[in-house]
Each structure stands twice: as C-alpha cells, then as structure tokens.
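Heads up: the structure comes next, in structure tokens.
All ligand and atom numbering here is 1-based and tracks the order in the structure. Keep in mind that this is a model prediction, so the values were computed, not measured.
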Amino acid sequence: MKDLIVKHNELSAEEFIQLWETVWGQGPSQEQTRLAMEHTLFRVSVFDGDQIVAMARVIGDMGLDYYIKDVIVRPEYQGRGIGCMLMGEILQFINDHGVEGTDIFVELCAMPDKIPFYEKFGFSANEAQRLRIFHRVERKHEEI
Ligand SMILES: CC(C)(COP(=O)(O)OP(=O)(O)OC[C@H]1O[C@@H](n2cnc3c(N)ncnc32)[C@H](O)[C@@H]1OP(=O)(O)O)[C@@H](O)C(=O)NCCC(=O)NCCS
C-alpha cells in the first residue's frame, strides 16, 4: 500500500480498458467507455508509479440510488488491501454526497465467489434476480 497514489475522477477510458483486460479479457470499445467515464458519478483509480493497479466507479442518481461498478484490482496486486481501500473510497463518496439522515439504496452485482468480499462491507443478497439483455444499437437512417 506504500507509495500508491489514489486519484479521484481522473480514470480515463484507456486506463479503464487496460485494467479491465487484466481480469476479464477483451474490454469494451473506446467510444462506449469514454461516454461511460463522462457520465459516471465517481471514479477512483490507484496507481503504482505510472501504472494503473486498481479502479472502481459509482453510477446513479445521487439521491435514491447508487450502483457500484467495475471494482478491479490488477491480479498481481490483489490480496494487499487495495480492494478494501476502493470500497472505503466509494462508501465515503456516498456518505459525503447523499442526503443526510436518509437511507440510500447501494447496489452491486457480484459473481458468487466475490460475495464474501462484499459481505465484509455489509452487502447481502436479496431474492431479486438480475435480468439482462445485450441490446444491439441500430438506428434507421432516413433516405433522402
Ligand atoms: C474482488 C477484488 C476487487 C478484491 O480485491 P483485493 O485487493 O484482492 O481485496 P483485499 O486485499 O482488499 O481484501 C479485503 C478482504 O476481502 C477478502 N477477499 C478478497 N477477495 C475475496 C474473495 N474473492 N472471497 C472472499 N474474500 C475475499 C480478503 O481476504 C480480505 O479479508 P480480510 O480483510 O479479512 O483480510 C479483487 O480480487 C479483484 O479485482 N478481482 C477481479 C475482478 C473482480 O472480480 N471484481 C469484482 C467484480 S464483482
């Protein structure tokens, strides 16, 4: 943890894709990722020198709902408390920006083997199932 640099809201599309690909294979497109970074409520990234080693982000509406996405620690840096630090940064952001005195719904989606990691921060599964679709974006172009 010594000498690691934590940055807020500086995570670029290039850094996101590079880190994503260390754990999940082929990353998303530059164009989609740039738009996603622009519309993310909070981005946290961790650097060892000039190499990105971890990231996480929060999307949502600031009032009622916050959703934690893309919590990733580069494989060779896992198990050193960096994931824990990312979660701390995110929960601090929510606490700093949510309406004081209210309860805020904080959600995330986890693979079964990562559930124990999130349980450490108080998250628990409910009976809801995640439904999803990969929607193909196609627009009809008017002929002129
Ligand atoms: C999940 C992930 C972010 C954890 O990051 P990390 O830096 O290795 O975690 P830490 O070192 O901060 O560990 C914090 C605690 O969680 C525990 N932990 C970490 N990963 C765990 C797992 N998969 N299952 C159970 N416990 C886990 C650690 O043992 C540690 O416990 P302790 O505080 O009692 O010592 C990291 O493994 C990762 O990036 N994985 C690949 C990407 C991914 O799957 N992200 C999650 C998307 S759902």
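Inter-residue side-chain proximity for S45 and F16 is flagged as unmet; no heavy-atom pair is nearer than 4.5 Å. Side-chain contact between I52 and L11 is present, with at least one heavy-atom pair separated by less than 4.5 Å.
The residue among Q78, K114, K69, K120 with a heavy atom at the shortest distance from atom 44 (O) of ligand 1 is K114.
Among the atoms of P116, none of the N or O lies under 3.5 angstrom from an N or O of ligand 1. Looking at W24 next to ligand 1, no N or O pair under 3.5 Å apart turns up. Checked against a 3.5 angstrom limit, the closest N/O atoms of M111 and ligand 1 fall outside it. Not a single N or O atom of I72, backbone or side chain, sits closer than 3.5 Å to an N or O atom of ligand 1. Here's the thing with G79: one of its N/O atoms is less than 3.5 angstrom from an N/O atom of ligand 1. Note: an N/O pair closer than 3.5 Å links V71 and ligand 1 by distance alone.
For ligand 1, the atoms sitting less than 4.0 Å from at least one non-hydrogen atom of C109 are 48 (S), numbered in the order shown with element in parentheses. Contact atoms of ligand 1 toward A110: 48 (S) (distance under 4.0 Å to a heavy atom of the residue). With ligand atoms numbered from 1 in the order given, ligand 1 contributes 12 (O) to contacts under 4.0 Å with heavy atoms of C84. The ligand atoms of ligand 1 that sit less than 4.0 angstrom from a heavy atom of G83 are 5 (O), 6 (P), 7 (O), 9 (O), 12 (O).
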> Do H8 and V44 pass the side chain to side chain contact (heavy atoms under 4.5 Å, CB included) test, and can you show the C-alpha distance, the side-chain angles, and the key distance before you say yes or no?
Replying inline: CA-CA 5 Å; H8 290 176; V44 56; 4.2 Å; yes
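When distances from atom 2 (C) of ligand 1 to the protein are checked, no heavy atom turns up under 4.0 Å. Protein heavy atoms all stay at least 4.0 Å away from atom 35 (O) of ligand 1. Using a 4.0 Å threshold on non-hydrogen atoms, atom 7 (O) of ligand 1 counts as touching the protein.
Contacts between D113 and ligand 1, counted as non-hydrogen atom pairs separated by less than 4.0 Å, involve the backbone only. Only the backbone of R80 comes within 4.0 Å of ligand 1, counting heavy atoms alone; no side-chain atom from C-beta on gets that close. The part of Y118 lying near ligand 1 is the side chain, judged by heavy-atom distances below 4.0 Å.
F47 and I90 fall into different hydrophobic clusters, where Ile, Leu, Val, Met, Phe, Trp and Tyr are joined by side-chain heavy atoms under 4.5 Å apart, directly or via other members. By the criterion of side-chain heavy atoms lying less than 4.5 angstrom apart, applied directly or through intervening Ile, Leu, Val, Met, Phe, Trp or Tyr residues, F42 is grouped together with V71 in one hydrophobic cluster.
Residue, atom and distance of the protein heavy atom nearest to atom 39 (O) of ligand 1 are V73 N, 2.7 Å. Looking only at protein heavy atoms, the nearest one to atom 11 (O) of ligand 1 is G81 N, 2.8 Å. Regarding atom 21 (C) of ligand 1, its nearest protein heavy-atom neighbour is F117 CB, 3.9 Å.
For the ligand labelled ligand 1, residue A54 lies outside the 4.0 Å heavy-atom shell.
Judged by distance alone, the side chain of D48 and the main-chain N or O of Q51 form no donor-acceptor pair under 3.5 Å. N9 places a side-chain N or O within donor-acceptor distance of the main-chain N or O of R43, the cut-off being under 3.5 Å. The closest donor-acceptor contact from the side chain of E15 to the backbone of S12 lies under 3.5 Å.
Taking the six-membered ring for Trp and thresholds of 30 and 60 degrees, F123 and Y118 have ring planes more than 60 degrees apart, a perpendicular arrangement.
Within 6.0 Å of the CD atom in E31, the count of heavy atoms belonging to other residues, nucleotides or ligands does not exceed 12. No more than 12 heavy atoms of other residues, nucleotides or ligands lie within 6.0 Å of CG in D103, so this atom counts as exposed by the packing criterion. Other residues, nucleotides and ligands place more than 12 heavy atoms under 6.0 Å from the CG atom of N126.
For R74 and Y77, the positive end is not near the middle of the six-membered ring at less than 6.0 Å and at most 45° from its axis.
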